[in-house]
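To keep things clear, I will list the structure first and then write my remarks on it.
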Amino acid sequence: MRAMVARAAGMPLEPEDRPDPEPGPREVRIRVEACAVCRTDLHVVDGELPGTRFPIVPGHEIVGIVDRVGAEVRTLRLGDRVGVPWLGHTCGDCAWCQGHRENLCDAPVFTGHGRDGGFASHVVAEAAYAILLDSTLGAVRCAPLLCAGLIGFRALRMSGNPSALGLYGFGAAAHLVAQVALHEKRRVYAFTRVGDWEGQAFARSLGVTWAGGSDESPPEKLDAALIFAPVGDLVPIALRAVDKGGRVVCAGIHMTDIPKFPYRLLWEERQLLSVANLARTDASNFFRFVRHHPLEVQTTAYPLEQANQALDDLRNGRVRGAAVLVPERR
C-alpha cells in the first residue's frame, strides 16, 4: 500500500510504501477511493491536537470499497462501499457511551489521529464504525460528507430551530450545511474572510439570502450562528449578530483563544455552545437526509502524492468547497 505519513508535528507528509494491512477479527480493510482533506487534518499535522499518535497517516473523510473482512464481521461484505469518519472507536462502557452520547466517550480513538487514516491506498477500520454508503454516490463527492457534512449537520441540529442562520467561515462544512438549511426553508447568511469576493459569490450561487465579510453585520438579527473558521475572534462578533435568546455554536475541534468580551453580548439568554466529534446516529440521520435531498458538493481533486499541496491550499484559503485526495489505482 501507499501512504502519506506525518512523522512529527509541523513536518511535511512523507510518501511511504508499506505492506498491505490485515484487518483484525472485528475490522475490515478498505481500498480507498477518495479521502477529503479536513481542517482537522491541519490541526493534526501541526501538532495542535493533544494525543496525536506520531507517526500517523492523517485523513478521516474516507470513502472506499471493502476488500477484506475480519473473521467476526457480520455487518459488511466484500465489495461494500463504506465511509470512515473521525470517530473510529468508543469504549462502550463509560457513562457517556451508556447514556447514548458516544461522541463524548472517555476513551475514544479517532481516525487519522489515534489510528491510521485515509491519506493512503488502503485503510483498516473497525466494522462497527464504518458507514455503509449508497453505491450510487460518487466517491469524490461523497468524501466531504463524512466530516464536513456530518459536523455541519450536528451543529445545525444543536442550533435549535433558527429561521435566520449565520455561517462564519464558508468552506467545506458551511457550503454543505447551507444547502441543508435552505432545504429546510431557513434564511442563510454567509460570512467569509474579509475581501473574499469569490467566496461570497459562491455562497450566493447556492441560494443564500446574503453574503459578506466577517467584519460586516447581517441585514437582520440572527437566531443562531455556526462558526466553522478556527478563529476565536469570531465568537464575540457572532454573539453581537444574534438576537436575544440566540445560539452561537462553535463547530471546530480547535480554535484560537476567544478574546475577552463584555457580558452584555451574552446577556438576554444568548447561548455559546461547542460541538464535540460526532456520533453514529448523526451519520444515519444525515445520510437519510441526503438520500432525499441531494447536495451539491464542490470539490477539488488532488492525487494522493499531492497531499502536502492540498493541505497548504486549505491552510491559505485557496480551496473552494473541499479538497479531496484520490489514490492512484494499482
Side-chain angles (χ1 to χ4, degrees), residues 39-40 43 148-276 278 295 298 317 319-322:
R39 186 162 293 277
T40 300
H43 300 317
L150 284 174
I151 209 67
F153 190 75
R154 184 176 181 88
L156 178 60
R157 292 296 175 256
M158 289 185 67
S159 70
N161 188 30
S163 295
L165 175 70
L167 304 176
Y168 286 83
F170 206 81
H175 97 282
L176 296 172
V177 76
Q179 296 175 67
V180 176
L182 290 167
H183 277 303
E184 296 175 342
K185 308 303 181 185
R186 308 182 194 280
R187 299 185 302 281
V188 178
Y189 297 83
F191 298 84
T192 70
R193 295 185 186 191
V194 177
D196 184 5
W197 317 120
E198 184 180 348
Q200 292 163 29
F202 174 48
R204 293 189 194 97
S205 74
L206 295 175
V208 303
T209 300
W210 175 92
S214 59
D215 60 337
E216 298 181 58
S217 297
E220 68 169 313
K221 281 289 189 179
L222 306 175
D223 301 309
L226 312 182
I227 301 178
F228 295 105
V231 181
D233 287 346
L234 291 174
V235 170
I237 291 173
L239 283 170
R240 190 174 290 111
V242 299
D243 206 349
K244 293 180 286 188
R247 294 182 180 180
V248 173
V249 182
C250 301
I253 195 171
H254 175 81
M255 179 179 275
T256 58
D257 288 347
I258 299 171
K260 180 180 177 180
F261 60 85
Y263 174 65
R264 62 178 173 77
L265 294 184
L266 190 61
W267 189 58
E268 296 176 313
E269 300 190 354
R270 293 174 180 85
Q271 299 177 57
L272 179 60
L273 308 171
S274 71
V275 170
L278 51 91
L295 304 180
Q298 180 89 1
V319 177
R320 188 64 59 217

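Quick caveat, the model's predicted, so the values are computed rather than measured.
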Within this structure, what is the [atom1]-[atom2] distance for the pair [X] and [Y], rounded to the nearest 0.5 Å?
X	Y	atom1	atom2	answer
L234	T256	CG	OG1	8.0 Å
E220	D243	CD	CG	9.0 Å
S159	L222	OG	CG	11.0 Å
F202	Q298	CZ	CD	4.5 Å
I237	I227	CD1	CD1	8.5 Å
K221	Y189	NZ	OH	12.5 Å

State, with a plain yes or no, whether a side-chain heavy atom of [X] is found less than 4.5 Å away from one of [Y].
X	Y	result
R247	R270	no
L206	Q179	yes
V177	F228	yes
E184	V180	yes
H43	P230	yes
T192	E198	no

(request) Please determine which of D223, T209, N161 meets the side chain to side chain donor-acceptor pair (under 3.5 Å) test together with R186. (result) N161

Can you give me the closest heavy-atom contact between [X] and [Y], atom names plus distance?
X	Y	answer
L182	V208	CD1-N, 4.2 Å
M158	V275	SD-CG2, 3.4 Å
P162	L165	CG-CD1, 4.1 Å
R193	Q200	O-NE2, 4.1 Å
L226	G152	CD1-O, 4.5 Å
A174	L167	O-CD1, 3.7 Å

(message) Taking the six-membered ring of F153 as reference, does the cationic atom of R157 (NZ for Lys, CZ for Arg) lie under 6.0 Å from its centre and within 45° of its axis?
(response) yes

(message) Would you call the rings of F191 and Y168 parallel, tilted or perpendicular, taking 30° and 60° as the class edges?
(response) parallel

(message) Is it the case that atom CG in D257 sees more than 12 heavy atoms from other parts of the structure closer than 6.0 Å?
(response) no

